[in-house]
Protein chains: 2
Amino acid sequence: MSAATIEAAARVLRTIPIAAAYQPRAAAQQAANCTTCHLRDLCLPCGMNEIDTGRLDALMFARRRIKAGQILYHEGDRFAFLYAVRSGTFKSNLTLPDGREQVTGFHIAGELMGLDGVAQGNHASTATALEDTEICAIPYAQLCELAQGSAGMQQLVTRLMSRELVREHSLMLLLGSMNSEERLAAFLLNLSRRYKARGYSASEFHLRMSRAEIGSYLGLTLETVSRTFSSFQQQGLLEVDKRHIRILDLVAFTASFEIRLH
Amino acid sequence: MSAATIEAAARVLRTIPIAAAYQPRAAAQQAANCTTCHLRDLCLPCGMNEIDTGRLDALMFARRRIKAGQILYHEGDRFAFLYAVRSGTFKSNLTLPDGREQVTGFHIAGELMGLDGVAQGNHASTATALEDTEICAIPYAQLCELAQGSAGMQQLVTRLMSRELVREHSLMLLLGSMNSEERLAAFLLNLSRRYKARGYSASEFHLRMSRAEIGSYLGLTLETVSRTFSSFQQQGLLEVDKRHIRILDLVAFTASFEIRLH
DNA sequence: CGATTAGTTGACTTGGATCAAAATTCGTGG
DNA sequence: CCACGAATTTTGATCCAAGTCAACTAATCG
């Protein structure tokens with residue numbers, strides 16, 4: 001098969017209507033397998049026994065590639081799937097009637113998206129890929145059926161949601177009572193911890209989001225984010241080269257912002 | 001029985017250790033009954049069929065009175081119960097290491113508290129009564145057992161959590177991208193809607209929380225809250241008498257802040 | 001290689017914070 | 001039931017952190 005043929009095939013795959021891509025037949029071609037997934041200890045099956053994880057495999061989650069800038073689901077879309085990030089980064093955001101946007105979260109490999117859709121049966125936020133990504137689509141109804149048979153499985157979604165609640169609480173604390181330096185530091189330290197848990201460097205990483213997106217998430221303007229980065233650099237805390245960040249002394253940086261916090 | 005005797009008995013009841021108050025024996029004395037509760041369409045059994053609601057009754061939720069200023073649970077306390085507010089008002093809050101507080105929510109009759117404890121098995125926030133209150137203590141483990149037998153019941157907690165997620169999203173939007181007038185207006189309109197759903201006036205109500213607590217919740221200082229109330233009054237939008245609030249033209253007030261929003 | 005987008009930096013403005021003081025309400029013990 | 005001290009609320013004066021506006025640079029891409 002020539003390179004041109006592969007390219008053409010890829011193009012066809014990309015243009016499959018969403019509904020079709022979720023059909024068992026299409027899914028079977030590249031179904032996700034939790035048991036062998038390198039993210040299994042971070043993702044949905046985290047803390048689950050082998051039997052339950054095997055049951056998840058039986059659901060044959062469809063895998064899908066979402067290219068940079070594309071939208072996985074819109075606020076208001078019918079909710080039917082939870083999405084697990086396999087690779088890449090997403091943002092979630094809300095829109096006010098007048099057009100103002102608020103980024104409510106960033107999601108990296110092993111994290112779940114879409115839990116806010118359970119309440120009303122419609123997605124409550126919009127999810128956009130910030131780079132080329134791959135996701136698993138988890139059919140929520142089938143997940144609930146599985147939960148009927150297993151107490152461990154049943155607690156799973158509940159616990160994931162509660163974790164999300166705790167995460168949002170801390171973001172409220174950030175938005176409600178921290179200054180700009182604290183906000184940016186908290187953001188970087190949070191990312192650092194998540195990268196570390198995935199085996200990446202905790203002190204050096206590449207941001208996948210723009211200054212404007214960071215600003216929206218932190219309740220700041222993009223100019224303030226940029227200035228705060230510069231200030232951290234001048235204070236000798238960070239090395240900033242565009243979106244490439246290096247925390248010079250992670251221990252000191254953490255300590256400084258965990259204890260001080262004003 | 002003399003008044004003094006009653007008073008003495010009440011004092012004894014108040015000093016029963018928490019663990020004892022949760023014993024089935026103690027609970028039986030004043031067990032809650034969802035089927036006949038006037039809050040059943042707002043609270044836990046909302047949307048549930050009669051059979052499932054009956055199953056809830058079988059759990060015999062203990063009822064407890066919490067006096068103004070007392071704490072129902074502390075951040076870090078072992079999580080074992082969800083709490084439904086029967087009457088009165090609670091606040092939830094987080095504390096930063098340096099003592100700064102952030103109020104994360106207010107809870108009135110029919111609302112659930114404690115969902116953020118599911119994630120770690122410990123409460124992630126502190127719940128304090130803002131007036132004399134009454135709650136139902138819902139044993140979480142038993143609720144999960146019930147859920148094993150009923151799909152509807154199983155979805156219940158999940159949906160309640162998701163609703164909470166949506167609520168927190170909108171609070172993030174508020175904290176991240178609204179000015180002080182919009183924040184206070186959004187707060188009042190939200191309270192108004194919740195009172196209305198409970199059969200109270202949507203345009204006239206009594207605030208149970210201080211200016212400082214409102215400020216913490218909205219990410220403002222108490223002085224700014226006070227000034228914004230005064231400003232709304234001067235603009236002819238509200239009548240404010242201490243904690244008693246009257247929205248003069250609810251339709252106009254709603255429209256003005258739903259459309260404008262800046 | 002222009003044209004668009006992202007990021008930085010500077011100058012200036014401002015909304016809400018801070019500090020301070022007075023007015024009002026509340027709680028408690030005598 | 002009253003009085004006194006503590007807590008809450010309002011209002012004014014001042015300040016400053018972050019927003020706004022603007023100019024410029026650097027990277028990205030048809």
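Numbered from 1 within each chain, the chains take letters A, B, ... in sequence-line order.
Between the C1' atom of D:dT9 and the CD1 atom of B:Ile214 lies a distance of 11 Å, rounded to the nearest Å. One interatomic measurement links the two molecules: CG of B:Asp132 to C1' of C:dG27, which rounds to 14 Å at whole-angstrom precision. Taking atom CZ on B:Phe232 and atom P on D:dT9, their separation rounds to 17 Å, with Å as the unit. Rounded to a whole Å, the CG atom of B:Leu238 is 12 Å from the P atom of D:dT10. Between A:Leu130 atom CG and C:dA6 atom P the separation is 12 Å, expressed in whole Å. Atoms CG (B:Leu184) and P (D:dT9) sit 13 Å apart, rounded to a whole Å. Atom-to-atom, CD of A:Gln233 to P of C:dT8 comes out at 9 Å; the value is rounded to the nearest Å. Between A:Arg211 atom CZ and C:dT9 atom P the separation is 10 Å, expressed in whole Å.
The one candidate from B:Phe81, B:Phe79, B:Tyr83 that meets the side chain to side chain contact (heavy atoms under 4.5 Å, CB included) condition with B:Tyr73 is B:Tyr83. When the options B:His206, B:His107, B:Glu131 are evaluated for a side chain to side chain donor-acceptor pair (under 3.5 Å) with B:Thr89, the one that passes is B:Glu131. Put simply, the residue from B:Arg243, B:Arg208, B:Lys91 that forms a salt bridge (charged side-chain N to carboxylate O under 4.0 Å, His left out) with B:Glu213 is B:Lys91.
B:Ser210 has no side-chain polar atom (N or O) that falls below the 4.0 Å cut-off from OP1 or OP2 of D:dA7. Within the 4.0 Å cut-off from OP1 or OP2 of C:dA6, not a single side-chain nitrogen or oxygen of A:Arg243 is found.
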Pull out every protein N or O sitting under 3.5 Å from an N or O of nucleotides 16-19 of chain D, one pair per line with the distance.
{"unit_1": "D:dA18", "atom_1": "OP1", "unit_2": "A:Ser180", "atom_2": "N", "d": "2.7"}
{"unit_1": "D:dA18", "atom_1": "OP2", "unit_2": "A:Ser180", "atom_2": "OG", "d": "2.8"}
{"unit_1": "D:dG19", "atom_1": "OP2", "unit_2": "A:Thr221", "atom_2": "N", "d": "3.2"}
{"unit_1": "D:dG19", "atom_1": "OP2", "unit_2": "A:Thr221", "atom_2": "OG1", "d": "3.0"}
{"unit_1": "D:dG19", "atom_1": "OP2", "unit_2": "A:Thr224", "atom_2": "OG1", "d": "2.4"}

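For A:Arg183 and A:Asn179, the side-chain atoms include no donor-acceptor pair closer than 3.5 Å. Counted by atom type alone, B:Glu181 and B:Ser231 present one or more donor-acceptor pairs between their side chains at under 3.5 Å.
Across all their heavy atoms, B:Glu75 and B:Ala124 have their closest contact at CG-O, 3.5 Å.
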**Asked** Base, backbone or nothing for each nucleotide of nucleotides 22-30 of chain D, written B, S, -, heavy atoms under 4.0 angstrom, 5' to 3'?
**Response** ---------
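Taking the ring centroids of B:Phe232 and B:Phe187, they lie at or beyond the 6.0 Å cut-off. Checked against the 6.0 Å centroid threshold, B:Phe205 and B:Tyr200 do not count as a close aromatic pair.
No side-chain donor-acceptor contact under 3.5 Å links A:Glu204 to the backbone of A:Ser201.
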